[in-house]
Amino acid sequence: MATAKKRTTTKPASSKKKPSTRSASTTKRVVSRKPSTRARAVAAVKRVRKTSAKRSSSTKSFHRAAPDRPFFSLQPNIQTVYWIILAVPVIALGLWVSNISMQVQSLYDQIDAANAASSVMSIPKHVDTPVEK
């Protein structure tokens, strides 16, 4: 993103004095002083304005660029290789987790079968007892 440089312009000092808006009774007397050495040094320095070469405005920044190739093309490129390299470990990890899940579920089934065989409930026989009156 290009940034615009701030342009600085200097106005030439006019030799004409501005007319005073004050009345004659309130004007102050102007005392001329010898300029200091600092003021002379500053006045002697020339300001150089840097300019850059004009650029041609042939860029079209607000127009959509034409695609290099169609989106649904079957031409493999380097990104295809990257996606394949990424997909292989992900799919392998998913298959491994699925396999472990099936093994754990099989183990639970075996435990449930063993518990069901050992805990056969016996039905107690009821003895009829006479009720006292």
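Interatomic distance, Y82 OH to Q79 CD, rounded to the nearest 0.5 Å: 8.5 Å. Separating the CG atom in N99 from the CG atom in L95 is a distance of 8.5 Å, to the nearest 0.5 Å.
Both V97 and I100 are members of a single hydrophobic cluster when ILVMFWY side chains are connected at heavy-atom separations under 4.5 Å. I85 is not connected to L93 by any chain of hydrophobic side-chain contacts under 4.5 Å among Ile, Leu, Val, Met, Phe, Trp and Tyr, and they are in different clusters.
Under 3.5 Å, the side chains of S106 and D109 contain no donor-acceptor pair of N or O atoms.
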